[in-house]
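Naming convention: chains lettered A, B, ... in sequence-line order (proteins, then strands); numbering from 1 in each chain. On a predicted model such as this, the values are computed, not experimentally measured, just so you know.
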Amino acid sequence: IDDLYFKDEL
Amino acid sequence: MNIFRLAGDMSHVFSILVLLLRLRVAKNAQGISVRTHELFLIVFLTRYLDLFTTFYSLYNSIMKILYIVSTASIIYTIKFQEPIKSTYDKSQDSFLYWQFAVAPCAVLASVTHLIGSGISGFSFIELLWTFSIYLESIAILPQLIVLQRYREVENLTGNYIFFMGAYRFLYILNWIYRANFEAHYQHHWVVYICGVLQTLLYVDFFYYYFKSKKSGGRFTLPT
């Protein structure tokens, strides 16, 4: 779930 | 969201618009690499699979769809729309992207994803996301090679590549900002390394771009 961190970027 | 990321995203959208405009105004595809945009389309399609799984924000979803649709439209325009289609010189745009970009990035992504998460944490969507990060870092290469072959850089083509590079540079500032101002910030070295590599690929281009802007003369690359 930590992996979600950068996925709000394009 | 911070000002650097917003400016970066806008710069990206702007570069796509400049390219689409350039294709329509000049009605030719001279000096444009369709392979670069095919690589970007693969990048977006593999990275944005989370459109189906996770909702971040309306902004995020709209931008993702916009990138996919506009990149597909660039490819379609150059490959299938006359009179542009017949001006596209395939022999100049010959970067072997399967062998030198897609396959190596797939191998590298598999290795790093497996090391990072192990067999038990393996996730295909995660793997594709990692793959897209690697692939994006070198996706501009076919375009830079085509530019080198034509040597004389047309005004709007230069601007489109400039905004593409500016977008990557602004993302680095965005990470510096986030690292300093966000609580619970986590570093992501794959993203950083690829982001910096991608920006470095533009350095040479930037140098000649600014030089030509300063002199007000024609934009040509050295041999």
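- Two rings, from B:Phe205 and B:Phe219, have their centers less than 6.0 Å apart.
- A side-chain donor-acceptor contact under 3.5 Å links B:Thr112 to the backbone of B:Leu108.
- A donor-acceptor pair under 3.5 Å links the side-chain atoms of B:Thr77 to the main chain of B:Ser73, judged by distance alone.
- In this structure, no portion of B:His12 lies under 4.5 Å from any heavy atom of chain A.
- Heavy atoms of B:Asp9 lying under 4.5 Å from chain A belong exclusively to its side chain.
- Side-chain contact annotation: B:Asn2 with B:Asn174, donor-acceptor N/O pair under 3.5 Å present.
- Residue contact with chain A, scored on non-hydrogen atoms closer than 4.5 Å, involves the side chain of B:Tyr171 exclusively.
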